[in-house]
Amino acid sequence: MSNYYKIIDYIKNQFPSKPFIPLHEPNFSGREREYVLDCIESTFVSSVGPYVDKFEILMAELSKTQKAVAVVNGTSALQVALRLSGVKSGDEVITQALTFIATINAIIYNGAAPIFLDVDIDTMGLSPYSLNEFLEEFGELRDGFCYNKKTNKKIAACMPMHTFGFPVYVDEILTICKKWNIPVVEDAAESIGSEYKGRPTGSFGKLGVFSFNGNKIVTSGGGGSIVTNDIELGIKAKHLTTTAKIPHPYEYVHDEIGYNFRMPNINAALACAQLEQLDYFIQKKRILALEYSKYFESIGVNFRTELPNTKANYWLMCLQLENKKERDIFLKETNENKVMTRPIWQLIFKSPKYSSFQRDAQENAIYLEERIVNIPSSVRL
Ligand SMILES: Cc1ncc(COP(=O)(O)O)c(C=O)c1O
């Protein structure tokens with residue numbers, strides 16, 4: 001590719017009058033000020049308040065689930081969702097190595113170990129083909145639960161991640177996990193508003209998780225949410241993330257070792273104002289994605305688009321470049337010219353602290369690691 005400067009100019013033109021073009025910046029054009037000021041004036045800025053309740057109702061509605069719980073960030077949401085799916089210390093959890101570190105940390109915080117399986121080239125998320133291959137080779141059903149023949153440990157959950165908002169092959173993963181009696185927890189941190197066969201990502205597994213970090217399409221500053229169709233699990237999620245305190249007007253009695261993972265009301269206020277604009281933001285992002293896709297097609301560069309049967313939220317938009325050398329030049333040229341781009345994550349097992357966990361050949365993950373870059377994807381108003 002020799003047309004870096006053309007691409008840099010083109011991207012700059014999409015975001016005019018900006019000296020530096022970030023990858024994804026938040027947009028506060030709704031009722032954010034009003035709601036946050038309301039918190040300040042009411043003094044309800046901390047762990048309880050009407051915006052937390054409102055946020056949970058909005059999240060259950062938009063994820064089409066029975067219950068949503070507001071928490072302090074996506075990582076803690078994943079940690080608790082895994083615990084509630086049945087993951088215990090000494091267990092194993094199947095997931096992908098091509099992900100943000102939080103997916104893996106949440107497993108390890110539960111005392112469990114990740115098993116890294118390959119992704120699909122098209123979805124960039126956990127591959128049902130790899131999942132099936134792995135379980136046929138290493139899986140063993142004992143007393144109705146799945147064990148890993150190699151390590152003798154229980155495979156207590158499977159956690160696919162919808163990379164950059166592109167849904168994984170949900171049906172296939174659910175079918176395989178059902179066969180092996182492995183609960184699915186969806187890491188939908190990046191895929192708020194994305195759909196698979198007309199249903200929101202996050203709503204398919206036993207539990208699903210979203211992130212509201214500042215780099216996401218909608219943000220609460222920092223925040224997360226657990227969603228589930230199992231109301232009892234949802235109630236447990238609320239209990240565990242609010243220090244497992246038994247409701248009482250003044251006594252402090254806790255019936256479990258819970259967590260203080262509560263989303264403060266002031267953050268929930270911001271999130272509520274943002275969620276009110278989610279559809280509009282995604283509409284705007286999809287327009288940008290369409291423009292990018294036409295442009296990059298015209299110059300012979302592979303811009304990643306949604307697959308049939310899915311709707312992507314186009315959180316971070318991606319190019320798939322020819323090889324690592326081209327990727328490295330592209331990253332250098334764009335960033336030097338104040339157009340922020342970044343590579344997809346380094347495969348997690350390449351970091352020494354994460355290198356000892358079981359994994360398959362990772363052919364697709366390695367291929368994508370060398371080629372995928374994110375380009376500026378903010379909502380343009
Ligand atoms: C795939 C994935 N999982 C989990 C998280 C964790 O979310 P948070 O940053 O809110 O803890 C993020 C993003 O930040 C993410 O991209």
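Remember, it's 1-based here, ligands and their atoms both numbered in the order they're listed. No experiment lies behind these values; they were computed from the predicted model shown.
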- Task: For residues Y51 and F55, establish whether the separation of their ring centroids is below 6.0 Å.
- Result: no

- Message: Evaluate E25 against R380 for salt bridge (Lys or Arg N to Asp or Glu O under 4.0 Å), listing each step before the verdict.
- Response: CA-CA 10 Å; E25 63 181 347; R380 298 174 306 172; over 6 Å; no

- Item | Geometric N/O contact E190 with ligand 1, under 3.5 angstrom | yes

- Nitrogen or oxygen of G74 less than 3.5 angstrom from that of ligand 1: yes

- Could you walk me through whether R327 and E369 pass salt bridge (Lys or Arg N to Asp or Glu O under 4.0 Å), step by step? CA-CA 10 Å; R327 180 202 90 148; E369 184 195 30; over 6 Å; no

- Message: Under 4.0 Å, counting heavy atoms only: does S76 come that close to any atom of ligand 1?
- Response: no

- Message: For the 3.5 Å polar cut-off, considering only N or O atoms, please tell me whether S211 and ligand 1 meet it.
- Response: yes

- What's the shortest distance from atom 12 (C) of ligand 1 to any protein heavy atom, and which residue and atom give it? F100 CD2, 3.5 Å

- Task: For this output row, return yes or no: ring centroids of W345 and Y354 closer than 6.0 angstrom.
- Result: no

- Query: Any side-chain heavy atom of K294 sitting closer than 4.5 Å to one from L290?
  - Reply: yes

- For ligand 1, which atoms, with element, lie under 4.0 Å from some heavy atom of A102? 4 (C), 5 (C), 6 (C)

- Fit a plane to each ring of Y4 and F330, take the angle between them on a 0 to 90° scale, and name the class: parallel (under 30°), tilted (30 to 60°) or perpendicular (over 60°). tilted

- Note on the structure: Here the atoms of ligand 1 under 4.0 Å from any heavy atom belonging to T103 are 1 (C), 3 (N)

- Query: Side chain or backbone of D187 under 4.0 Å from ligand 1, or both, or neither, by non-hydrogen atoms?
  - Reply: side chain

- Distance from atom 11 (O) of ligand 1 to nearest protein heavy atom, with residue and atom: T75 OG1, 2.5 Å

- May I ask you to identify, for V209, whether its side chain, its backbone, both or neither come under 4.0 Å of ligand 1 on a heavy-atom basis? neither

- Message: Using the ring centroid of each side chain, check whether F357 and F349 are separated by less than 6.0 Å.
- Response: no

- Message: With a 4.0 Å cut-off on N to O distance, would you call D328 and K332 a salt bridge?
- Response: no

- Task: Examine W315 against ligand 1 and note whether any of their N/O atoms are separated by less than 3.5 Å.
- Result: no

- Distance-only N or O hit between ligand 1 and K216, under 3.5 Å: yes

- When rounded to the nearest 0.5 Å, the distance separating CZ of F166 from OG1 of T123 is 10.0 Å

- Numbered in order shown, the ligand 1 atoms found under 4.0 Å of a heavy atom of M161 are 1 (C)

- Measure from atom 15 (C) of ligand 1 to every heavy atom in G223, A189, G224 and give the option owning the shortest one. A189

